[in-house]
2 protein chains.
Amino acid sequence: MAGNRLDLNLLHVFDTIYREGSLTRAAKALHLTQPAVSHSLSRLREHFDDPLFTRQGNQMVPTPLARRFLESMKPGLTQIQGAVNQFHAFDPANQRKTYSLGLRDVLESTFLPPLMQRLNPYPELEIASKRIPRRDMETQLAAGKLDFAVDVLLPVSNQTSHELLRQDRLVVLVREGHPLAANTLDMEGYLSARHVLVSSRAEGPGIEDFELSRLGVQRSIRLRCQHYYAACRVVEQTDLLLTMPETYAQIISERANITIMNPPADLPSVDVHLYWHTAYGQEPALIWFREQLKAIQ
Amino acid sequence: MAGNRLDLNLLHVFDTIYREGSLTRAAKALHLTQPAVSHSLSRLREHFDDPLFTRQGNQMVPTPLARRFLESMKPGLTQIQGAVNQFHAFDPANQRKTYSLGLRDVLESTFLPPLMQRLNPYPELEIASKRIPRRDMETQLAAGKLDFAVDVLLPVSNQTSHELLRQDRLVVLVREGHPLAANTLDMEGYLSARHVLVSSRAEGPGIEDFELSRLGVQRSIRLRCQHYYAACRVVEQTDLLLTMPETYAQIISERANITIMNPPADLPSVDVHLYWHTAYGQEPALIWFREQLKAIQ
DNA sequence: GTAAACGATAAGAATAATTCAGTCGCGTAA
DNA sequence: TTACGCGACTGAATTATTCTTATCGTTTAC
């Protein structure tokens with residue numbers, strides 16, 4: 001670019017450096033090497049005749065001019081990128097993007113394996129699964145830090161769209177050879193045994209307990225823990241019963257001496273929803289990815 | 001730009017093609033060759049998987065998608081370009097830009113010669129002087145079709161800034177050897193002669209006539225014409241008097257057998273103003289050019 | 001009907017960008 | 001304090017990309 005017209009691609013680099021506060025991290029985000037970003041920065045510096053970013057300790061701090069410039073042009077840049085993303089012909093075959101998902105514990109195991117298998121034909125594509133506190137989900141989606149989140153049904157504002165991905169019914173797990181495994185599980189048997197309750201919260205009942213109390217009965221909790229996997233290992237070695245979502249139960253039982261049984265009553269199913277930011281939802285890349293997520297049953 | 005991230009510089013090309021409706025004209029505006037623009041367009045076409053512009057007769061008509069895309073991204077693009085222009089280090093030595101001026105007849109001769117002389121050190125810089133109807137001036141400034149306009153004092157909205165460039169007093173021209181040239185011109189002599197009136201309008205008095213009628217006198221118009229140069233040629237060969245702005249009179253008299261005389265009364269001076277769009281006025285390139293214009297006395 | 005204008009295309013040239021290799025400065029830990 | 005390591009900068013060389021020159025095929029206007 002001769003003359004004095006700025007190469008607009010440098011703006012994208014500028015924005016990324018600003019956001020990341022580091023050339024190395026910016027380079028990673030841009031799928032470039034660090035010297036490439038450094039060269040781009042020096043071109044920007046020459047164009048603006050300003051250091052733009054100065055190194056302070058281990059982060060690149062923007063100068064006042066850089067700050068003002070970013071404020072001036074950032075809205076325009078996001079608008080342009082939005083427009084480009086919205087209209088460009090989307091070819092999943094050679095997209096190079098990192099999709100970031102908000103997945104909570106169990107869902108990693110149930111979603112990621114079939115997802116990665118489905119994404120096999122697209123090697124340039126990268127996935128990052130992050131554990132996000134529920135109250136931050138909407139914020140992160142809105143900020144573009146997260147492309148999607150998967151969680152149970154939650155109250156969200158209308159800037160966040162969601163869709164039912166799957167209904168996971170609850171099943172009961174017992175160790176192989178457990179006395180109750182011989183016959184169909186009835187309520188009497190279910191209540192006679194003691195139970196493991198898995199919950200991320202420190203106290204309070206699980207969703208299955210709500211239904212049980214509605215039926216006028218109560219079970220006895222022997223162990224409360226945070227992860228289903230740990231709970232299964234316990235179940236395998238004791239006579240405790242574990243009530244949990246079927247999908248994850250299937251996965252775990254493949255490698256464990258565990259029997260899956262139908263629950264003694266119609267327990268509520270766990271509704272797993274997919275969440276995304278409404279405004280970004282029309283981007284072809286995200287539409288495509290949403291289809292992929294929905295396609296894994 | 002591998003992957004599927006669009007080269008943002010293509011957006012500028014896209015915008016220019018859209019505006020010009022022609023690849024050749026867009027190439028000229030971008031200081032590129034026609035094939036270069038053609039290649040850029042084909043890259044855009046591949047990216048959007050859409051023809052974007054189809055040739056109909058001798059103009060490139062945007063497809064619906066192109067139209068929608070432009071609407072989506074144009075505001076962002078102008079904002080970015082504004083931000084870039086506002087903050088970038090401005091080096092007049094190697095700027096490559098076409099400044100377009102709205103100049104009306106006379107002003108071309110008085111402004112352009114000293115301006116071009118002053119701009120000699122900047123060979124990459126181009127000037128386009130256009131004759132714009134007065135009522136379109138503000139629109140064209142606002143649309144960026146015109147960087148500056150020079151005209152007499154006009155009523156403008158506050159989106160247009162203006163500044164007094166020079167006050168041009170009115171002088172009287174007579175042929176060399178004219179009887180009246182022997183002495184100082186008094187009102188009696190002025191009124192005794194017959195006159196040429198130069199006006200772009202088809203009828204009505206000139207500004208000097210307003211002042212004369214305020215003084216209670218009236219002159220006799222023999223010839224009404226549109227250009228001062230033609231008027232001077234007539235004055236040179238007749239005994240007619242011509243009242244006109246001094247600056248232009250000086251220029252013409254250099255090559256003509258004409259004597260410049262002080263007017264017989266204090267005639268109003270012509271206030272020449274420089275006009276520009278307020279919002280664009282802060283761009284370094286325009287600030288610089290404004291200084292150049294003001295510097296030529 | 002003919003000439004001029006315009007966009008598309010091919011191939012070569014020039015330019016620009018990336019990468020690689022190496023230096024320097026700074027913060028952190030021993 | 002010293003040594004180590006991380007991160008940014010620089011320069012040279014390679015690689016890629018874009019631009020240009022030249023030419024063709026259409027279309028349009030006189």
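Computed over heavy atoms, backbone and side chain alike; hydrogens, waters and symmetry mates excluded. Note that the structure is predicted; figures quoted are calculated from it, not measured. In what follows, chains are A, B, ... by sequence order, proteins preceding strands, each numbered from 1.
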- Query: salt bridge (charged side-chain N to carboxylate O under 4.0 Å, His left out): which pairs involve residues 129-143 of chain A, sequence neighbours left out?
  - Reply: A:Arg134-A:Asp151
- Message: I need the A:Leu30 CG to A:Leu32 CG distance, nearest 0.5 Å.
- Response: 5.5 Å
- Note on the structure: Hits for ring-ring contact (aromatic ring centres under 6.0 Å, His included) against B:Tyr248, two or more places apart or cross-chain, chain-then-number order -> none
- Separation of C:dA16 P from B:Asp7 CG (nearest whole Å): 14 Å
- Message: Quick one about B:Ser22 and B:Gln59 (side-chain donor to acceptor, distance below 3.5 Å, no hydrogens or angles considered), yes or no?
- Response: no
- Message: In this structure, how many angstroms lie between the C1' atom of D:dC9 and the CD atom of A:Glu46, rounded?
- Response: 15 Å
- Residue pairs involving residues 10-42 of chain A (criterion ring-ring contact (aromatic ring centres under 6.0 Å, His included); sequence neighbours excluded): A:Phe14-A:Phe53, A:Phe14-A:Phe69
- Message: For A:Met60 and A:His39, find the nucleotide of DNA chain D closest to each by heavy atoms; which residue's nucleotide sits nearer the 5' end?
- Response: A:Met60
- Query: How many angstroms lie between atom OG1 of A:Thr16 and atom NZ of A:Lys28, to the nearest 0.5 angstrom?
  - Reply: 14.0 Å
- Message: Using 0.5 Å steps for rounding, measure from the CG atom of B:Leu101 to the CH2 atom of B:Trp276.
- Response: 13.5 Å
- Query: Contacts to DNA chain C from residues 24-38 of chain B, heavy-atom cutoff under 4.0 Å, which residues?
  - Reply: B:Thr24, B:Gln34, B:Pro35, B:Ser38
- Query: Roughly how many Å is it from CG in B:Leu44 to C1' in C:dA8, rounded to a whole number?
  - Reply: 16 Å
- Round to the nearest Å and state the distance from A:Gln59 atom CD to D:dC6 atom P. 18 Å
- Note on the structure: Rounded to whole Å, the CG-C1' distance (A:Leu23 to D:dC9) equals 9 Å
- Grab the CG-P distance between A:Leu52 and D:dA8 for me, whole Å please. 15 Å
- Pairwise salt bridge (charged side-chain N to carboxylate O under 4.0 Å, His left out) hits with a residue in residues 33-51 of chain B, at least two apart: none
- Query: Just by distance, do the side chain of A:Arg55 and the backbone of A:Met60 share a donor-acceptor pair under 3.5 Å?
  - Reply: no
Nucleotides 24-29 of chain C: which of its N/O atoms have a protein N/O under 3.5 Å away?
from   : atom 1 : to      : atom 2 : distance (Å)
C:dG25 : N2     : A:Arg55 : NH2    : 3.4

- Touch check for B:Ser22, heavy atoms < 4.0 angstrom, all strands: base, sugar-phosphate only, or nothing? sugar-phosphate
- Nearest whole angstrom, please: distance from the C1' of D:dT18 to the NE2 of B:His12. 17 Å
- Query: Side-chain N or O of A:Arg45 less than 4.0 angstrom from OP1 or OP2 on D:dC9?
  - Reply: yes
- Item | Under 4.0 angstrom between A:Arg43 side-chain N/O and C:dA16 OP1 or OP2 | no
